[in-house]
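For reference, the structure discussed in these notes is given below.
Not measured: the values here are computed from a predicted model. Every chain is numbered from 1, with letters handed out A, B, ... down the list of sequences.
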Amino acid sequence: MGAPRKGVARGAGSPRVDAATASLLRGALLPWFQESARDLPWRRSRDPYAIWISEAMLQQTRVGAVLGYWQRFLDRFPDARRLAEAGDDELMAAWSGLGYYRRARALRDAARVLVEHHGGLLPADPAALAALPGVGPYTAGAISSIAFGLSEPVVDGNVARVFARWFELEAPVGSAELARRAWALAAELVPPAAVGAEGPGAWNQALMELGATLCGPRAPECGPCPVAALCAANRTGRQTELPRPKARAAPVEVELELAVARRRGDLLFVRRPEGRSMGGLFELPTRELAPGAGPTRLFEAQWPLPGLAVDDWPSVGELRHAITHHRIRARLLAAEFSGEVAVQGARELLWCTPSRARELPLSGLAKKALTRLARG
DNA sequence: AAACCGGGGCG
DNA sequence: CGCCCAGGTTT
């Protein structure tokens, strides 16, 4: 997500929310949140440090995964001073299994900054927070609003999706444009700081709660949604179409020929070279046909088995396969051998029955080819 | 702007 | 297997 652009003049086409709409949205969402918010342990804390830890753990990580870590981490590192002295081993032990381990080191580095420059406490100011390692626009806004009650916006994946539906934003998921518009909307919608310091934090959490529960990536549940009547996508029936999926690079069309070389019930396999994609996996001898713009990287140097004159072999079938952004059409060419097959090249060859081949590390395409051959 | 980090859950 | 997740940092 991009950074908030507070105070920047908005150009034409940027979203605006009038005060009446903002009021309706808050009046619909906040009571729902108070009623049905999940009882997450970090929501019971008012300690900025503890809230910071939860936000760091929740970066690109599901609530369910964090549940088992947050309290144990706090038991071991109850405040910034203790965290600043954490050794690598105990730090990693406390984080092990959460992924994105850079976050843990950033947390400790930030704790050292806190001890050195902020008296061991978290600042409330989002700019000061964002200057800490591992704290970006989202986390700065979250701590500032949730822990300190400041009127600061927050946009995560949930909020961007919710806004895309509320306001029919057409920019695709993950795009800079959607982030920019979502931040602008969040800044307009976040309520002013309340006396009880509950307003902005509750609002931000309510937005994320809606995105995490009812307004999920697919199959949003608009029936029970408290905001359905105010949601543009719900009114036009586009709630499952928005936000638009990420524009994906067009898949590369690949045409392959696979050699089904048989000898007394065995099939010939070759092993892909180590260190490249699918390295070490076995596959059928393969060549690529008429590559449009040079050989496809996934398959270059995969042929030549000069002993196999596949040009003369009859086709026994065709199959389709998809790898990342490649769409593959593979023709199966079969021939029967009796004696030795003279194959040049250093790559490892293996004659093996189809059933035993099932125990080999096969490429997905080879597995599919075996299944096809077994079915006849 | 895009790549990278990274593990799990789910359809 | 691809998508998605309470993102941030680096190039």
Side-chain angles (χ1 to χ4, degrees), chain A residues 1-4 33 37-38 40-43 45 50-70 92 95-107 109-110 126 129-147 152-164 171-180 182-183 186 200-213 215-220 240 243-249 251 278 320-328 362-365 367-368:
Chain A
M1 287 297 129
F33 179 64
R38 292 169 294 177
L40 306 177
W42 44 89
R43 285 185 176 158
S45 173
I51 291 169
W52 171 43
I53 301 299
S54 77
E55 291 299 342
M57 289 184 168
L58 285 162
Q59 288 166 10
Q60 290 296 113
T61 307
R62 292 172 188 276
V63 164
V66 173
L67 283 175
Y69 285 84
W70 182 71
M92 286 309 157
W95 202 268
S96 171
L98 267 182
Y100 284 104
Y101 295 91
R102 188 171 54 185
R103 291 181 294 174
R105 297 182 204 281
L107 224 33
D109 293 345
L129 287 166
L132 297 170
V135 179
Y138 164 77
T139 307
I143 297 172
S144 192
S145 64
I146 297 171
E152 291 294 331
V154 145
V155 173
D156 71 343
N158 288 312
V159 178
R161 178 174 58 253
V162 167
F163 285 173
V173 162
S175 67
E177 183 184 350
L178 181 58
R180 185 168 42 77
W183 276 105
W203 170 255
N204 287 335
Q205 292 185 79
L207 280 174
M208 294 189 279
E209 184 82 358
L210 186 68
T213 57
C215 201
R218 41 201 161 208
T240 59
R244 285 177 40 207
K246 189 175 307 192
R248 199 169 307 286
M278 299 181 278
R320 297 184 163 282
H321 188 63
I323 300 176
T324 325
H325 62 292
H326 298 310
R327 185 156 42 222
I328 301 168
L362 291 177
S363 73
L365 182 56
K367 204 172 295 182
K368 196 173 285 189

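In this structure, A/Arg43 places its CZ atom 11 Å from P of C/dA6, rounding to the nearest Å. Going from atom CG of A/Leu58 over to atom P of C/dA6 covers 8 Å, rounded to whole Å. Taking atom CG on A/Leu40 and atom P on C/dC5, their separation rounds to 17 Å, with Å as the unit. Rounded to a whole Å, the CG atom of A/Leu98 is 18 Å from the P atom of C/dC5. Rounded to whole angstrom, the span from the CG atom of A/Leu365 across to the P atom of C/dC1 amounts to 13 Å. In this structure, A/Trp183 atom CH2 and C/dA6 atom C1' are separated by 11 Å, rounded to whole Å. Across the protein-nucleic acid pair, A/Asn204 atom CG and C/dG7 atom P stand 13 Å apart, rounded to whole Å. Between the CZ atom of A/Arg103 and the C1' atom of C/dT9 there is a distance of 13 Å, given to the nearest Å.
Heavy atoms of A/Val135 sit under 4.0 angstrom from primed sugar atoms or phosphate atoms, though from no base atom. At a threshold of 4.0 angstrom between heavy atoms, the contacts of A/Trp95 with the nucleic acid are absent.
Taking the C1' atoms as reference points, B/dC5 lies 14 Å from C/dC5, given to the whole Å. Across B/dG11 and C/dA6, the matching C1' atoms stand 23 Å from one another, rounded to whole Å. Using atom P as the reference point in both B/dG8 and C/dG8, the two lie 22 Å apart (nearest Å).
Just one of A/Val135, A/Asp156, A/Thr139, A/Val154 meets the side-chain contact (heavy atoms from CB on, under 4.5 Å) condition when paired with A/Glu55; it is A/Thr139.
Judged by distance alone, the side chain of A/Arg38 and the main-chain N or O of A/Thr213 form no donor-acceptor pair under 3.5 Å.
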I'd like a list of close polar pairs between nucleotides 8-11 of chain B and the protein, N/O only, cut-off under 3.5 Å.
from	atom 1	to	atom 2	distance (Å)
B/dG8	N2	A/Arg62	NE	3.1
B/dG8	N2	A/Arg62	NH2	3.2

Can you give me the N/O atom pairs linking the protein to nucleotides 3-5 of chain B at distances under 3.5 Å, or say none if there are none?
from	atom 1	to	atom 2	distance (Å)
B/dC5	N3	A/Tyr100	OH	3.1

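An OP1 or OP2 oxygen of C/dG8 is reached within less than 4.0 angstrom by a side-chain nitrogen or oxygen of A/Thr139.
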